[in-house]
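Protein chains get the first letters and strands the later ones, always in sequence-line order, with residue 1 at the start of each.
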Amino acid sequence: MTVRTRFAPSPTGYLHIGGARTALFCWLHARKHGGTFILRIEDTDIERSTAESVNAILEGMTWLGLEYDEGPFFQTRRFPRYREVMEQMLRDGRAYYCYCSKERLEQLRNEQMARKEKPRYDGRCRAGVPNPPAGVKPVVRFKNPQGGSIVVEDLIRGRVVFQNAELDDLIIARADGTPTYNFTVVVDDMDMKISHVIRGDDHLNNTPRQLNMLQALGVEPPVYAHVPMILGPDGSRLSKRHGAVSVMQYRDEGYLPEALLNYLVRLGWSHGDQEIFSLDEMIELFDVKDVHSSAAAINPDKLLWLNQHYLKTSDPAHIAHHLSYHLGRLGVDPSKGPDLLEVVKVQRERAKTLAEMAQNSVFFYRDPQGYDEKAVAKYLKKEIAPALQAFGERLMQCSAWDPATLHALLEETAKSGGLEFGKLAQAVRIAIAGRAVSPPIDVSLHLVGRERSLRLLHEVLEHPALKPPHHA
RNA sequence: GCUCCCUUCGUCUAGUGGCCUAGGACGCUGGCCUCUCACGCCGGUAACAGGGGUUCGAAUCCCCUAGGGAGCGCCA
């Protein structure tokens, strides 16, 4: 059997992290079996669908690297096809016109609820309407089987049985002739020869209806796999108040796509004790049927840890590429300063995100805007001034500017000034970075460069904290 | 309300009747390393939702209860 999976978002917002995981699972399944991954945009809700959302979804997929083999297909372009199938069903007696008013339906629903029953259509028009009310545009309903049961053999949930009596005759075409969701899905899955439907478990309840329609159309149904939802860190439904939910927001906060993907694949799925998975390993080891059936809460700390892991271990050139985007966002031109690769190598294990790494690296390219007050109070003591001065002078006389030389000079200066290495290092650090935190001081000096370092060392000596008290 | 789904450390999970005084990871935490911040290394913390069965033996199988979620649209 040829494997064909599809990811079918509706363009009513950005690509969120739950959707991204579903897309990943679909993609992995297709790749694993040498199959085809299809992108289908379910935009039949014309009111809420937007072109911006389509772009946002496409952008998110691209950033994650989940390339699709076919599509994107747009359901709004397939209306003639849906109509064709619907008319066929009408002719075959698999569907019928329903003239019931929304008011009647509303009342029916209320009565059923009052009787503590599951609200559903009572089938009044099912047997045919001899005298259709004039001026009423009918909807089209599917004739759902009335007895027996329908079984969903779900790859993740196992066998789930639904009684047909629980299902009603759902509307497949609105009064204006446009098709509804459950119907378009059925026609598309059929036409696109989807072999595996991997989707959120909020669709599990739709599956028996779709199965019944597929059966009515006489086609072999796809295999279903309903993946559980992703919850917010507090275990409640994921929403904007939980912070990042859009995939692009993760990019802007400085996550690497491979870190997000690795995080997502481990949510509800595992392979023994393994935590780190390359894309190739995921493709090799992932199997939908191993996906957990329970919902999983997102854990921002673990994502951060994974991101740092990839920051520490990926190819520096790859990191540099992503880092330059974030430096750019801070108004820094990475070509005007030290080699980005050098920066990556020294910063990669001191940042959890690219955004943080960029933030920590601007001083390599630009003078600090003032000094951190706490750092000044703690480390810029008057006693340090002579040593700072002396260090500047030694540097001036030294032509080499490599970390080892700089380190030796620093050590020498501290020793002859009767200072601890760390005390002097912190003062120098404040001078060039503006704060008490930076990569090793010798490397930092090296990357800031000779000319700018000398100037900044000179400038820090003007700081009031280093000036001797005024005497009369 | 009805139908369906779910339930192992705070979180992600291992576990498919004996290897479980329940393993790993994140987090938190004690220590080591150290020019700052980090990295790294060593150690600690913490769970089978509850109750009944089945069995020589149950986290694992069955039933019930509780809790959580989803669906019940001329939304997708």
Novice: Side chain of A/Arg141: nearest nucleotide among B/G27, B/C5, B/C74?
Specialist: B/C74
Novice: Do the side-chain N or O atoms of A/Gln308 get closer than 4.0 angstrom to the phosphate oxygens (OP1, OP2) of B/C39?
Specialist: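 Yes, A/Gln308 has a side-chain N/O under 4.0 Å of OP1/OP2 on B/C39.
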Novice: For nucleotides 9-13 of chain B, print each protein N/O atom paired with a nucleotide N/O atom at under 3.5 Å, atom names and distance only.
Specialist:
| unit_1 | atom_1 | unit_2 | atom_2 | d |
| --- | --- | --- | --- | --- |
| B/U11 | O2 | A/Asn299 | ND2 | 3.4 |
| B/C12 | OP1 | A/Ala297 | N | 2.9 |
| B/C12 | O2' | A/Arg266 | O | 2.9 |
| B/C12 | O2 | A/Lys302 | NZ | 3.4 |
| B/U13 | OP1 | A/Gly268 | N | 2.1 |
| B/U13 | O3' | A/Ser270 | OG | 3.0 |

Novice: State which of B/A76, B/C26, B/A38 makes the closest approach to the side chain of A/Ser10.
Specialist: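 Among the listed nucleotides, the one closest to the side chain of A/Ser10 is B/A76.
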Novice: Taking atom P of B/C74 as reference, at what distance in whole Å does atom CG of A/Asp168 sit?
Specialist: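 So the CG-P distance, A/Asp168 to B/C74, works out to 9 Å.
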Novice: For the C1' atoms, the ones on B/C20 and on B/A47, what distance do you get once it is rounded to whole angstrom?
Specialist: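 Nearest-Å result for B/C20 against B/A47 at atom C1': 13 Å.
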Novice: Which of the following nucleotides, B/C5, B/C74, B/C26, is nearest to the side chain of A/Leu105?
Specialist: B/C74
Novice: Looking only at side-chain atoms of A/Asn205, point me to the closest of B/G73, B/C35, B/A70.
Specialist: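 Comparing B/G73, B/C35, B/A70 against the side chain of A/Asn205, the answer is B/A70.
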Novice: Please name the nucleotide paired to B/G1 by Watson-Crick or G-U wobble geometry with both distances under 3.5 Å, or report none.
Specialist: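 In the structure as shown, B/G1 has B/C72 as its Watson-Crick or wobble partner.
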Novice: Between B/U65 and B/C26, how many Å separate the two P atoms, rounded to a whole number?
Specialist: 41 Å
Novice: Under the 3.5 Å rule, do the base of B/C35 and the side chain of A/Arg429 count as making a donor-acceptor pair?
Specialist: yes
Novice: Determine, for A/Tyr121 and A/Arg141, whether the Lys NZ or Arg CZ falls below 6.0 Å from the six-membered ring centre while staying within 45 degrees of the axis.
Specialist: yes
Novice: Is the phosphate of B/A76, meaning OP1 or OP2, less than 4.0 Å from a side-chain N or O of A/Thr44?
Specialist: yes
Novice: Who pairs with A/Gln107 by side-chain hydrogen bond (donor to acceptor under 3.5 Å, both in side chains), at least two apart in sequence or on another chain?
Specialist: A/Glu111
Novice: Would you please indicate yes or no on a ring centroid separation below 6.0 angstrom for A/His407 and A/Phe421?
Specialist: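 Yes: the rings meet the under 6.0 Å criterion.
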Novice: A/Asn144 CG to B/C72 C1': how many Å, rounded?
Specialist: 14 Å
Novice: Closest to the A/Pro119 side chain: B/G1, B/U36, B/A76?
Specialist: B/G1
Novice: From the set B/C74, B/A76, B/C26, return the single nucleotide nearest to any side-chain atom of A/Arg48.
Specialist: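 Looking only at side-chain atoms, A/Arg48 lies closest to B/A76.
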Novice: Considering Watson-Crick and G-U wobble pairs with both distances under 3.5 Å, what does B/G43 pair with?
Specialist: B/U29
Novice: From A/Leu267 CG over to A/Lys302 NZ, what is the distance, rounded to the nearest 0.5 angstrom?
Specialist: 9.5 Å
Novice: Could you work out which one of B/C74, B/C35, B/C39 sits closest to the side chain of A/His407?
Specialist: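 Among the listed nucleotides, the one closest to the side chain of A/His407 is B/C35.
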Novice: Run the ring-centre check on A/Tyr263 versus A/Trp305 and record whether the distance is less than 6.0 Å.
Specialist: no
Novice: To the nearest angstrom, how far is A/Asp202 atom CG from B/C6 atom P?
Specialist: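 Taking CG of A/Asp202 and P of B/C6, I get 15 Å after rounding.
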Novice: Counting only side-chain nitrogens and oxygens, does A/Arg115 get under 4.0 Å of the OP1 or OP2 atom of B/G1?
Specialist: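 Negative; the distance criterion is not met.
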Novice: So, does A/Arg237 get its side chain near the phosphate of B/A70, meaning an N or O under 4.0 Å from OP1 or OP2?
Specialist: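 The answer is yes; a side-chain N or O of A/Arg237 sits under 4.0 Å from OP1 or OP2.
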Novice: As a test of understanding, state which of A/Arg120, A/Arg126, A/Arg124 forms a salt bridge (charged side-chain N to carboxylate O under 4.0 Å, His left out) with A/Asp169.
Specialist: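 The residue from A/Arg120, A/Arg126, A/Arg124 that satisfies salt bridge (charged side-chain N to carboxylate O under 4.0 Å, His left out) with A/Asp169 turns out to be A/Arg126.
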Novice: Working to the nearest 0.5 Å, report the span between CG of A/Asp188 and OH of A/Tyr82.
Specialist: 3.0 Å
Novice: Ignoring backbone atoms, establish whether A/Lys312 has a side-chain N or O less than 4.0 Å from OP1 or OP2 of B/G40.
Specialist: yes
Novice: Hey, do the aromatic rings of A/His326 and A/His322 have their centres closer than 6.0 Å?
Specialist: no
Novice: Round to the nearest Å and state the distance from A/Leu170 atom CG to B/G73 atom C1'.
Specialist: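 Value for this atom pair: 11 Å.
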